[in-house]
S.K.: 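Sharing a structure here in structure tokens format.
Please read all numbers here as calculations on a predicted model, not as lab measurements. Here is how names work: the chains are called A, B, and so on, in the same order as the sequence lines, proteins then strands, and each is numbered from 1.
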There are 2 protein chains.
Amino acid sequence: MPSKCINVEDWLNALDASGFRMTAVQETLIDIFAHSDFPLSAEQAWHVARQSRPKTGRATVYRMVEKLENLGLIRRVHGYQGCSHFVPTLPELMMLFICQSCGRADYLDSQPLQDLIHQSEDSSGHHITDSRLQLFGVCTSCQENA
Amino acid sequence: MPSKCINVEDWLNALDASGFRMTAVQETLIDIFAHSDFPLSAEQAWHVARQSRPKTGRATVYRMVEKLENLGLIRRVHGYQGCSHFVPTLPELMMLFICQSCGRADYLDSQPLQDLIHQSEDSSGHHITDSRLQLFGVCTSCQENA
DNA sequence: GATTTATTGATACTCAGTATCAATAAGCAT
DNA sequence: ATGCTTATTGATACTGAGTATCAATAAATC
Ligand SMILES: [Mn+2]
Ligand SMILES: [Mn+2]
Ligand SMILES: [Zn+2]
Ligand SMILES: [Zn+2]
């Protein structure tokens with residue numbers, strides 16, 4: 001679902017621009033994360049990676065996930081059963097919806113959240129530098145197929 | 001900071017009403033979570049508990065944390081370095097602010113969030129049943145002491 | 001192509017969280 | 001109060017996600 005919005009080239013360029021060497025594992029893992037319909041854990045990504053590159057190391061995947069997260073290309077999903085799954089980051093879209101029925105992630109317009117944050121900043125006095133809004137429920141298609 | 005709003009009696013009553021037996025560990029742990037100035041992990045709570053009850057078992061603390069979370073008395077903080085810390089749940093106050101400087105948690109008025117959720121529900125078509133908004137930044141007192 | 005060095009992958013390790021189970025003690029009945 | 005039943009505890013062993021290590025590999029630059 002997010003896949004159509006992600007440009008694999010951009011991710012490779014971002015890694016390149018950050019001074020990292022271009023390797024085969026990078027392309028494999030970027031492809032996996034960019035095209036998954038579901039949030040993926042490093043462990044899951046490892047298993048997927050080994051289907052096309054059987055000797056892929058576990059630590060390598062964890063290292064790559066860390067890189068991608070640090071570069072802001074993927075972001076952690078804070079769900080009920082832990083926070084070890086990742087989805088691609090869509091620029092300007094901070095609000096994440098997770099369907100409790102099918103597990104898929106959807107990105108919602110985050111302008112209302114921006115407004116809320118400024119509002120809360122003014123009323124609380126705290127300086128807010130970052131936010132994570134996680135929404136849970138039943139997605140439109142799961143409502144239809146119910 | 002949240003401590004002044006938490007009534008230990010209420011928590012004990014909630015556990016009692018749920019059919020759990022009243023034990024000494026319960027009181028100890030409830031006291032620890034209800035009066036901590038900072039989000040606490042089960043591990044941290046265990047260490048604190050052992051100061052007053054040295055033979056407190058580790059598993060016991062994890063089981064109690066699970067109970068308290070299931071009853072909605074404490075809630076998980078989804079922070080940068082994992083989501084294994086807990087704060088007391090304040091009724092009707094869902095928005096959580098964590099100061100990156102001093103680590104303290106603050107609760108913000110959640111009415112704006114309620115509005116945002118209904119708005120997003122209408123525009124996305126998803127049925128939203130739950131939400132977690134986590135705000136990060138620098139609290140008012142840390143801004144003064146800077 | 002040779003050199004340099006970041007990256008990889010196999011292995012061993014850590015440690016938060018969990019399963020097990022005998023010992024304990026809360027709740028209830030007498 | 002006393003004993004009975006059974007939930008809860010705590011010691012121990014275990015699990016498994018995540019990490020440290022390090023020799024082997026392969027980008028990058030010349
Ligand atoms: Mn989390
Ligand atoms: Mn602002
Ligand atoms: Zn769905
Ligand atoms: Zn602070």
S.K.: Without decimals, in angstroms, what is the distance between B:His47 NE2 and D:dG10 P?
M.R.: 15 Å
S.K.: So, taking the atom named NE2 in A:His35 and the one named CG in A:Leu40, what distance separates them when rounded to the nearest 0.5 Å?
M.R.: 12.5 Å
S.K.: Please give, in whole Å, the distance from D:dA11 C1' to B:Arg50 CZ?
M.R.: 12 Å
S.K.: Starting from P on D:dA17, measure out to CH2 on A:Trp46 and report it in whole angstrom.
M.R.: 9 Å
S.K.: Do the side-chain N or O atoms of A:Thr60 get closer than 4.0 angstrom to the phosphate oxygens (OP1, OP2) of C:dG9?
M.R.: yes
S.K.: Does B:Met22 or B:Ala59 map to a spot on DNA chain C nearer the 5' end, using the closest nucleotide for each?
M.R.: B:Ala59
S.K.: Please confirm whether the shortest side-chain N or O distance from B:Thr23 to OP1 or OP2 of D:dT9 is below 4.0 Å.
M.R.: yes
S.K.: Would you confirm whether A:Gln143, through its side chain, and A:Val138, through its main-chain N or O, come within 3.5 Å as a donor-acceptor pair?
M.R.: yes
S.K.: Kindly assign one of parallel, tilted or perpendicular to the pair B:Phe33 and B:Phe86, based on the angle between their ring planes and the thresholds 30° and 60°.
M.R.: perpendicular
S.K.: The side chain of A:Met64 lies closest to which of these nucleotides: C:dA16, C:dT8, D:dA7?
M.R.: C:dT8
S.K.: Is there a donor in the side chain of A:Gln111 and an acceptor in the side chain of A:Asp115, or the other way round, less than 3.5 Å apart?
M.R.: yes
S.K.: So if I take every side-chain heavy atom of A:Val25 and compare against C:dT20, C:dG9, D:dA17, which nucleotide ends up nearest?
M.R.: C:dG9
S.K.: Check this one for me: any side-chain N or O of A:Tyr62 less than 4.0 Å away from OP1 or OP2 of D:dG18?
M.R.: yes
S.K.: Whole Å only: how far is the CZ atom of B:Arg63 from the C1' atom of C:dT24?
M.R.: 13 Å
S.K.: Is the distance from OP1 or OP2 of C:dG9 to the nearest side-chain N or O of A:Arg53 less than 4.0 Å?
M.R.: yes
S.K.: Starting at atom CZ of B:Phe86, determine the distance to atom C1' of C:dG17, rounded to an integer number of angstrom.
M.R.: 11 Å
S.K.: Base, sugar-phosphate or nothing for B:Ser41? Non-hydrogen atoms, less than 4.0 Å.
M.R.: nothing
S.K.: Write down the distance between CG (B:Leu12) and C1' (C:dG27), rounded to a whole number of angstrom.
M.R.: 16 Å
S.K.: If I take atom CZ from residue A:Phe38 and atom SG from residue A:Cys99, how far apart are they, to the nearest 0.5 angstrom?
M.R.: 9.5 Å
S.K.: Using atom NZ of A:Lys55 as one end and atom P of D:dT25 as the other, report the distance to the nearest whole Å.
M.R.: 9 Å
S.K.: In terms of side-chain heavy atoms of B:Phe20, which of D:dG18, D:dA20, D:dT8 is nearest?
M.R.: D:dT8
S.K.: Answer yes or no: side-chain N or O of A:Arg58 and base N or O of D:dG18 forming a donor-acceptor pair under 3.5 Å.
M.R.: yes
S.K.: C:dG9 P sits how many Å from A:Leu29 CG, rounded?
M.R.: 9 Å
